[in-house]
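Below is one structure, written out as C-alpha coordinates; comments come after it.
Just so you know, residue 1 is the first one in the sequence shown, and it goes up from there.
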Amino acid sequence: MKKLILTLATLMLSFTFTSAYAYQDSYKDSDWNVPMWTHNDFLHGQDIEWVNYKGDKALQFTLEGGKPGIPYDAKKKAYGPMFAERNELHSKRYNNGLTVVEFQFRMLGGFKGRHESFFQIHTHNKRCNKEAKPPFMLHVHKGTLRVQTFDEDKKIPNGRTFTVVNGKHGQVTRSDLLGPWHDIKVISQQLDKNRIRYTVQSDSLGINQTFPNSYMLSCGIQYVKFGIYRPSKANWKHSQSLKKINKTSVIQFDDLKIK
(Lines give C-alpha, C1' and ligand atoms only; values in the text may rest on other atoms or scores of the structure.)
Protein backbone atom coordinates (compact mmCIF):
# COMPACT_ATOMS: atom_id res chain seq x y z
CA MET A 1 0.00 0.00 0.00
CA LYS A 2 2.83 2.37 0.91
CA LYS A 3 4.51 1.58 -2.42
CA LEU A 4 1.25 2.34 -4.26
CA ILE A 5 0.87 5.70 -2.47
CA LEU A 6 4.48 6.60 -3.22
CA THR A 7 4.03 5.69 -6.88
CA LEU A 8 0.87 7.79 -7.17
CA ALA A 9 2.57 10.73 -5.47
CA THR A 10 5.51 10.48 -7.87
CA LEU A 11 3.17 10.38 -10.87
CA MET A 12 1.25 13.41 -9.61
CA LEU A 13 4.48 15.36 -9.08
CA SER A 14 5.67 14.40 -12.57
CA PHE A 15 2.35 15.49 -14.10
CA THR A 16 2.45 18.81 -12.24
CA PHE A 17 5.98 19.53 -13.50
CA THR A 18 5.11 18.56 -17.09
CA SER A 19 1.94 20.67 -17.07
CA ALA A 20 3.77 23.68 -15.66
CA TYR A 21 6.50 23.34 -18.28
CA ALA A 22 4.05 23.09 -21.18
CA TYR A 23 1.68 25.82 -19.99
CA GLN A 24 1.45 28.97 -22.07
CA ASP A 25 0.67 32.36 -20.53
CA SER A 26 -1.48 34.68 -22.64
CA TYR A 27 -1.75 38.47 -22.49
CA LYS A 28 -4.58 40.53 -23.95
CA ASP A 29 -6.14 43.90 -23.11
CA SER A 30 -9.66 45.09 -23.99
CA ASP A 31 -8.27 47.39 -26.72
CA TRP A 32 -6.23 44.62 -28.39
CA ASN A 33 -7.81 42.43 -31.06
CA VAL A 34 -5.39 39.50 -30.59
CA PRO A 35 -3.67 37.89 -27.58
CA MET A 36 0.08 37.47 -27.22
CA TRP A 37 1.64 34.30 -25.85
CA THR A 38 4.74 32.90 -24.20
CA HIS A 39 5.92 29.60 -22.78
CA ASN A 40 6.46 30.35 -19.10
CA ASP A 41 9.89 28.69 -19.21
CA PHE A 42 11.07 31.29 -21.77
CA LEU A 43 11.02 34.18 -19.28
CA HIS A 44 14.08 33.06 -17.27
CA GLY A 45 13.35 35.45 -14.43
CA GLN A 46 12.72 38.44 -16.70
CA ASP A 47 9.72 40.58 -15.90
CA ILE A 48 6.47 41.13 -17.84
CA GLU A 49 3.71 42.96 -15.99
CA TRP A 50 0.55 44.98 -16.56
CA VAL A 51 0.90 48.62 -15.44
CA ASN A 52 -1.67 51.40 -15.21
CA TYR A 53 -1.28 54.55 -17.27
CA LYS A 54 -3.90 57.31 -16.93
CA GLY A 55 -6.69 54.80 -16.37
CA ASP A 56 -5.52 52.46 -19.15
CA LYS A 57 -3.42 49.29 -19.01
CA ALA A 58 -0.09 48.77 -20.74
CA LEU A 59 2.16 45.72 -20.85
CA GLN A 60 5.65 46.45 -19.55
CA PHE A 61 8.79 44.43 -20.36
CA THR A 62 11.99 44.68 -18.32
CA LEU A 63 15.18 43.04 -19.58
CA GLU A 64 18.23 42.82 -17.32
CA GLY A 65 21.64 42.26 -18.84
CA GLY A 66 23.77 39.15 -18.43
CA LYS A 67 21.02 36.50 -18.65
CA PRO A 68 20.52 34.21 -21.68
CA GLY A 69 16.97 33.81 -22.97
CA ILE A 70 15.77 30.39 -24.15
CA PRO A 71 18.26 27.47 -24.06
CA TYR A 72 19.15 27.99 -27.74
CA ASP A 73 20.32 31.53 -26.95
CA ALA A 74 23.14 30.18 -24.76
CA LYS A 75 24.42 27.68 -27.35
CA LYS A 76 28.16 28.23 -27.71
CA LYS A 77 29.31 29.68 -31.02
CA ALA A 78 32.76 30.09 -32.52
CA TYR A 79 32.44 33.89 -32.61
CA GLY A 80 30.08 36.75 -31.87
CA PRO A 81 28.00 37.34 -28.73
CA MET A 82 28.23 34.71 -25.97
CA PHE A 83 24.43 34.54 -25.87
CA ALA A 84 21.22 36.39 -26.75
CA GLU A 85 19.03 38.12 -24.16
CA ARG A 86 15.27 38.19 -24.60
CA ASN A 87 11.98 38.99 -22.91
CA GLU A 88 9.23 38.82 -25.50
CA LEU A 89 5.80 37.54 -26.50
CA HIS A 90 4.49 36.21 -29.81
CA SER A 91 1.17 36.19 -31.63
CA LYS A 92 -0.37 33.19 -33.32
CA ARG A 93 0.61 32.68 -36.96
CA TYR A 94 -1.54 34.42 -39.53
CA ASN A 95 -2.16 33.98 -43.24
CA ASN A 96 0.44 35.50 -45.51
CA GLY A 97 -0.84 38.36 -47.65
CA LEU A 98 -1.58 42.03 -47.03
CA THR A 99 -1.43 42.56 -43.26
CA VAL A 100 -1.41 45.67 -41.07
CA VAL A 101 0.00 45.55 -37.53
CA GLU A 102 -0.68 48.54 -35.28
CA PHE A 103 0.55 49.17 -31.75
CA GLN A 104 1.58 51.87 -29.30
CA PHE A 105 4.90 51.77 -27.46
CA ARG A 106 6.73 53.78 -24.84
CA MET A 107 10.46 53.38 -24.07
CA LEU A 108 11.32 54.13 -20.46
CA GLY A 109 15.03 53.34 -20.27
CA GLY A 110 17.96 51.45 -21.72
CA PHE A 111 18.18 50.65 -25.45
CA LYS A 112 21.76 51.93 -25.47
CA GLY A 113 23.41 48.91 -27.06
CA ARG A 114 23.59 47.18 -30.43
CA HIS A 115 20.72 45.67 -32.42
CA GLU A 116 18.25 45.93 -29.53
CA SER A 117 15.02 44.76 -31.14
CA PHE A 118 11.56 45.61 -29.79
CA PHE A 119 9.35 44.38 -32.66
CA GLN A 120 9.71 41.53 -35.15
CA ILE A 121 7.74 39.73 -37.82
CA HIS A 122 9.05 36.16 -37.78
CA THR A 123 8.33 33.10 -39.97
CA HIS A 124 9.73 30.20 -37.95
CA ASN A 125 7.49 27.14 -37.53
CA LYS A 126 7.77 23.36 -37.20
CA ARG A 127 7.95 22.86 -40.97
CA CYS A 128 10.38 25.73 -41.47
CA ASN A 129 12.89 25.93 -38.64
CA LYS A 130 16.46 25.70 -39.94
CA GLU A 131 16.95 28.83 -42.02
CA ALA A 132 13.74 30.69 -41.18
CA LYS A 133 14.66 34.24 -40.21
CA PRO A 134 12.59 37.26 -39.23
CA PRO A 135 12.02 39.12 -42.52
CA PHE A 136 11.34 42.32 -40.56
CA MET A 137 12.75 43.77 -37.32
CA LEU A 138 12.60 47.18 -35.64
CA HIS A 139 15.56 47.85 -33.39
CA VAL A 140 17.66 50.57 -31.81
CA HIS A 141 21.32 50.35 -32.80
CA LYS A 142 23.87 52.77 -31.37
CA GLY A 143 21.17 55.34 -30.64
CA THR A 144 19.36 55.16 -34.00
CA LEU A 145 16.05 53.52 -34.95
CA ARG A 146 16.58 50.98 -37.72
CA VAL A 147 14.71 48.37 -39.76
CA GLN A 148 16.33 45.05 -40.58
CA THR A 149 15.15 42.99 -43.56
CA PHE A 150 16.73 40.19 -45.61
CA ASP A 151 18.15 40.14 -49.10
CA GLU A 152 15.60 38.67 -51.51
CA ASP A 153 18.37 37.58 -53.92
CA LYS A 154 20.00 35.19 -51.42
CA LYS A 155 18.89 31.60 -50.87
CA ILE A 156 20.06 31.94 -47.28
CA PRO A 157 19.26 35.60 -46.75
CA ASN A 158 21.72 38.14 -45.40
CA GLY A 159 20.45 40.78 -43.02
CA ARG A 160 20.29 44.37 -44.24
CA THR A 161 19.65 47.37 -42.01
CA PHE A 162 18.11 50.72 -42.95
CA THR A 163 17.93 53.90 -40.92
CA VAL A 164 14.36 54.97 -40.15
CA VAL A 165 13.87 58.66 -40.96
CA ASN A 166 11.45 61.39 -40.04
CA GLY A 167 10.19 63.14 -43.17
CA LYS A 168 11.23 66.56 -41.84
CA HIS A 169 14.17 66.10 -39.48
CA GLY A 170 16.16 63.10 -40.68
CA GLN A 171 16.96 59.96 -38.70
CA VAL A 172 14.87 58.92 -35.70
CA THR A 173 17.05 58.65 -32.60
CA ARG A 174 16.84 57.04 -29.18
CA SER A 175 16.18 60.44 -27.61
CA ASP A 176 13.13 60.81 -29.89
CA LEU A 177 11.78 57.47 -28.67
CA LEU A 178 12.31 57.78 -24.91
CA GLY A 179 9.49 59.10 -22.73
CA PRO A 180 6.22 59.70 -24.63
CA TRP A 181 3.89 57.18 -26.25
CA HIS A 182 4.38 56.58 -29.99
CA ASP A 183 2.18 54.91 -32.59
CA ILE A 184 3.54 52.44 -35.13
CA LYS A 185 1.87 50.85 -38.15
CA VAL A 186 3.72 48.10 -40.06
CA ILE A 187 2.17 47.16 -43.41
CA SER A 188 3.36 43.91 -45.00
CA GLN A 189 2.44 43.12 -48.60
CA GLN A 190 3.43 39.67 -49.80
CA LEU A 191 4.39 39.90 -53.46
CA ASP A 192 4.93 36.17 -54.01
CA LYS A 193 5.89 33.13 -51.92
CA ASN A 194 9.33 34.58 -51.09
CA ARG A 195 9.14 38.38 -51.34
CA ILE A 196 7.50 40.79 -48.90
CA ARG A 197 7.36 44.58 -49.03
CA TYR A 198 7.24 46.39 -45.68
CA THR A 199 6.12 49.95 -44.95
CA VAL A 200 6.44 51.69 -41.56
CA GLN A 201 4.18 54.60 -40.62
CA SER A 202 3.96 56.71 -37.46
CA ASP A 203 2.07 59.96 -36.92
CA SER A 204 3.89 60.80 -33.68
CA LEU A 205 7.36 60.20 -35.18
CA GLY A 206 6.60 61.52 -38.69
CA ILE A 207 7.49 58.23 -40.43
CA ASN A 208 6.17 56.99 -43.76
CA GLN A 209 8.86 54.77 -45.24
CA THR A 210 8.81 51.74 -47.55
CA PHE A 211 11.83 49.44 -47.51
CA PRO A 212 13.42 47.25 -50.20
CA ASN A 213 11.73 43.86 -50.57
CA SER A 214 12.54 41.32 -47.90
CA TYR A 215 13.05 37.58 -48.35
CA MET A 216 11.07 34.77 -46.69
CA LEU A 217 11.42 31.03 -47.14
CA SER A 218 8.36 29.59 -48.89
CA CYS A 219 7.66 27.32 -45.89
CA GLY A 220 7.50 30.33 -43.54
CA ILE A 221 4.30 31.66 -41.94
CA GLN A 222 4.32 35.15 -40.49
CA TYR A 223 3.64 36.08 -36.86
CA VAL A 224 4.43 39.03 -34.60
CA LYS A 225 6.84 39.21 -31.67
CA PHE A 226 7.32 42.19 -29.37
CA GLY A 227 9.32 42.82 -26.22
CA ILE A 228 13.12 43.12 -26.03
CA TYR A 229 15.70 40.97 -27.84
CA ARG A 230 19.43 41.75 -28.10
CA PRO A 231 22.94 40.23 -28.18
CA SER A 232 24.98 40.09 -24.99
CA LYS A 233 27.84 42.55 -24.61
CA ALA A 234 30.16 39.66 -23.82
CA ASN A 235 31.73 38.44 -27.06
CA TRP A 236 33.62 35.18 -27.68
CA LYS A 237 36.14 36.90 -29.93
CA HIS A 238 37.07 39.72 -27.54
CA SER A 239 38.21 38.41 -24.15
CA GLN A 240 38.21 41.91 -22.65
CA SER A 241 34.42 42.02 -23.12
CA LEU A 242 33.58 38.87 -21.14
CA LYS A 243 32.66 40.76 -17.97
CA LYS A 244 30.60 43.43 -19.73
CA ILE A 245 26.83 43.47 -19.14
CA ASN A 246 24.04 45.29 -20.99
CA LYS A 247 22.11 47.95 -19.10
CA THR A 248 18.52 47.18 -18.10
CA SER A 249 15.96 48.16 -20.76
CA VAL A 250 12.27 48.88 -20.12
CA ILE A 251 9.48 49.29 -22.69
CA GLN A 252 5.65 49.35 -22.61
CA PHE A 253 3.16 48.27 -25.30
CA ASP A 254 -0.55 48.86 -25.81
CA ASP A 255 -3.37 48.95 -28.40
CA LEU A 256 -2.12 45.97 -30.41
CA LYS A 257 -4.14 45.18 -33.53
CA ILE A 258 -3.40 42.78 -36.39
CA LYS A 259 -5.68 43.30 -39.42
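- Atom NE2 of His115 and atom NE2 of His141 lie 4.0 Å apart (nearest 0.5 Å).
- Between the side chains of Thr199 and Thr210, a donor-acceptor pair is found at a separation under 3.5 Å.
- Here the closest heavy-atom approach between residue Pro180 and residue His182 is recorded as O-CD2, 3.5 Å.
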(request) Would you check, one step at a time, whether the test ring-ring contact (aromatic ring centres under 6.0 Å, His included) holds for Tyr229 with Phe118? (result) CA-CA 7 Å; Tyr229 175 78; Phe118 61 94; over 10 Å; no

(request) Under the side-chain hydrogen bond (donor to acceptor under 3.5 Å, both in side chains) rule, what do Asn166 and Gln171 come out as? Steps first, then yes or no, please. (result) CA-CA 6 Å; Asn166 177 303; Gln171 64 185 20; over 6 Å; no

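- You'll find the ring centres of Phe253 and Phe61 inside the 6.0 Å limit.
- A donor and an acceptor atom, one from each side chain of Asp254 and Trp32, are located under 3.5 Å apart.
- A ring-centre distance under 6.0 Å is found for Tyr198 and Phe136.
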(request) Please report the C-alpha distance between Tyr53 and Trp181 in whole Å, then the side-chain angles of each, then the deciding distance to 0.1 Å, and finally whether the ring-ring contact (aromatic ring centres under 6.0 Å, His included) criterion is met. (result) CA-CA 11 Å; Tyr53 178 73; Trp181 282 96; 5.6 Å; yes

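- Put simply, the side chain of Arg86 never gets that close to the backbone of Pro68: no donor and acceptor are under 3.5 Å apart.
- Using a distance-only test at 3.5 Å, with no hydrogens or angles considered, no donor-acceptor pair links the side chain of Ser218 to the main chain of Asn194.
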(message) Determine whether Tyr94 and Tyr223 satisfy the following criterion, ring-ring contact (aromatic ring centres under 6.0 Å, His included), listing intermediate values before the conclusion.
(response) CA-CA 6 Å; Tyr94 51 82; Tyr223 61 95; 8.2 Å; no

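- With hydrogens and angles disregarded, no donor-acceptor distance shorter than 3.5 Å links the side chain of Thr173 to the backbone of Thr144.
- Taking CG of Leu191 as the reference point, atom CD of Gln189 lies at 5.5 Å (rounded to 0.5 Å).
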(request) Determine, stepwise, if the pair Leu217 / Thr123 fulfils side chain to side chain contact (heavy atoms under 4.5 Å, CB included). (result) CA-CA 8 Å; Leu217 295 179; Thr123 61; 5.8 Å; no

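- Salt-bridge check for Lys225 with Glu88: passed, with a basic side-chain N closer than 4.0 Å to an acidic carboxylate O.
- The aromatic rings of His122 and His124 sit perpendicular to each other, their planes meeting at more than 60°, with 30° as the lower class boundary.
- Judged by distance alone, the side chain of Ser249 and the main-chain N or O of Phe111 form a donor-acceptor pair under 3.5 Å.
- Remark: side-chain polar atoms of Ser232 are paired, donor with acceptor, to backbone N or O of Met82 under 3.5 angstrom.
- Side-chain N or O atoms of Asn87 include one that pairs as donor or acceptor with a backbone N or O of Asp47 at under 3.5 Å.
- Separating the CD1 atom in Ile258 from the OG atom in Ser188 is a distance of 9.5 Å, to the nearest 0.5 Å.
- Note that CG of Asn246 and NZ of Lys233 are 6.0 Å apart. Values are rounded to the nearest 0.5 Å.
- Looking only at distances, a side-chain donor or acceptor of Arg174 sits under 3.5 Å from a matching main-chain atom of Gly110.
- Put simply, the side chain of Ser214 gets close to the backbone of Pro135: a donor and an acceptor are under 3.5 Å apart.
- With values rounded to the nearest 0.5 angstrom, Asp192 atom CG is found 9.0 Å from Met216 atom CE.
- Residues Asp183 and Ser204 bring a donor and an acceptor atom of their side chains to less than 3.5 Å of each other.
- Not a single donor-acceptor pair under 3.5 Å links the side chain of Asn208 to the backbone N or O of Asp203.
- With rounding to the nearest 0.5 angstrom, the OH atom of Tyr215 is 13.5 Å from the CG atom of Asn213.
- With Asn33 contributing its side chain and Asp31 its backbone, the two residues share no donor-acceptor pair below 3.5 Å.
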